[in-house]
Amino acid sequence: QVSLVESGGGLVQAGGSLRLSCAASGRTFSTYAMGWFRQAPGKQREFVAAINWSGEDTTYADSVKGRFTISRDNAKNTVYLQINSLKPEDTAVYYCAAGPRVTVRTSVYDYWGQGTQVTVSS
């Protein structure tokens, strides 16, 4: 069982930056791949980024490549999402998730956090 808690969201102007954190409970955090997803009002939840258990393998949605960076610290049971050059279209609730492998598919992830709101003003 893994419990996930996101933090770091907020209101930021376009062009600004945020670092989201996802703290995990449980001793098995380092065995899970971790993903970040987001959901804007009226839209489906979409994949943002994912990282494998060791941190050596990452993948990103095309819409965030070059602006977002996912990383993890297994000693701290935490995964991060550094978001730079924010755009109004990045406004969404951001969720972290834990699963058996790196994938863009939401159905593969077993555990989800409650989300953190990111709002980007123009």
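We use all heavy atoms of the structure for the numbers below, so side chains are in, but hydrogens, waters and symmetry mates are not.
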Check your understanding: In terms of hydrophobic clustering (I, L, V, M, F, W, Y; side-chain heavy atoms under 4.5 Å; direct or indirect links), are Tyr109 and Phe68 co-clustered?
Key -> no
Practice item. Indicate if Ile83 and Phe47 have the same hydrophobic cluster label, given that clusters are the connected sets of ILVMFWY residues with side-chain heavy-atom separations under 4.5 angstrom. Key: no
Practice item. State yes or no: are the ring centers of Tyr95 and Phe37 separated by less than 6.0 Å? Key: no
Practice item. Working to the nearest 0.5 Å, report the span between CD of Glu46 and CZ of Arg38. Key: 4.5 Å
**Study point:** Nearest non-hydrogen partners of Ala50 and Val102, listed with the distance
**Key:** CB-CG1, 3.8 Å
Practice item. Rounded to the nearest 0.5 Å, what's the gap from OG1 on Thr116 to CD on Gln114? Could you check? Key: 7.0 Å
Check your understanding: With no hydrogens and no angle check, do the side chains of Ser17 and Asn84 hold a donor and an acceptor under 3.5 Å apart?
Key -> yes
Review point. Roughly how far apart are Leu20 CG and Tyr94 OH, rounded to 0.5 Å?
Key: 7.5 Å
Check your understanding: Can you tell me if Asn74 uses its side chain to pair, donor with acceptor, with the backbone of Asn77 under 3.5 Å?
Key -> no
Practice item. Please name the pair of heavy atoms, one in Trp53 and one in Ser30, separated by the smallest distance, quoted to 0.1 Å. Key: CB-O, 3.1 Å
Review point. Cationic tip of Arg72 within the cone over Tyr32's six-membered ring, i.e. under 6.0 Å and within 45° of the normal?
Key: no
Study note, to complete from the structure: Those residues at least two apart in sequence (or on a different chain) that pass salt bridge (charged side-chain N to carboxylate O under 4.0 Å, His left out) with Lys76 are none
Review point. For Thr119, does its backbone N or O pair with a side-chain atom of Thr91 as donor and acceptor, under 3.5 Å?
Key: no
**Study point:** Nearest atoms (heavy-atom pairs only) where Val118 meets Gly9
**Key:** CG2-CA, 4.1 Å
Check your understanding: Shared ILVMFWY cluster between Val79 and Val48, side chains joined below 4.5 angstrom?
Key -> yes
Review point. Donor-acceptor pair, Ser25 side chain versus Ser3 backbone, under 3.5 Å?
Key: yes
Check your understanding: Donor-acceptor pair, Ser122 side chain versus Pro88 backbone, under 3.5 Å?
Key -> no
Point to revise | Cluster link Leu81 to Val93, ILVMFWY, side chain under 4.5 Å | key: no
Review point. Do the numbers put Arg19 on top of the ring of Tyr80, so that NZ or CZ is under 6.0 Å from the six-membered ring centre and no more than 45° off the axis?
Key: yes
Check your understanding: Are Arg45 and Trp112 in a cation-pi contact, defined as NZ or CZ under 6.0 Å from the six-membered ring centre and within 45° of the axis?
Key -> yes
Check your understanding: Which pair of heavy atoms, one from Asp90 and one from Arg67, lies closest together, and at what distance?
Key -> OD2-NH1, 2.7 Å
Check your understanding: Gln82 versus Ser71: any side-chain heavy-atom pair under 4.5 Å?
Key -> no
Review point. Is Trp36 reachable from Val12 through a run of hydrophobic residues whose side-chain heavy atoms are each under 4.5 Å from the next?
Key: yes
Practice item. Heavy atoms only: give me the nearest Leu4-Ala98 pair and the separation to one decimal. Key: CD1-N, 3.8 Å
Exercise for review: Provide the closest heavy-atom pair for Cys96 versus Glu6 in the form atom of the first, atom of the second, distance.
Suggested key: N-OE2, 2.8 Å
Practice item. Answer yes when Asp62 and Lys65 have at least one side-chain N-carboxylate O distance shorter than 4.0 Å, and no when they do not. Key: yes
**Study point:** Gln117 and Leu11: CA distance, side-chain angles, deciding distance, side-chain contact (heavy atoms from CB on, under 4.5 Å) verdict
**Key:** CA-CA 8 Å; Gln117 176 71 47; Leu11 173 63; over 6 Å; no
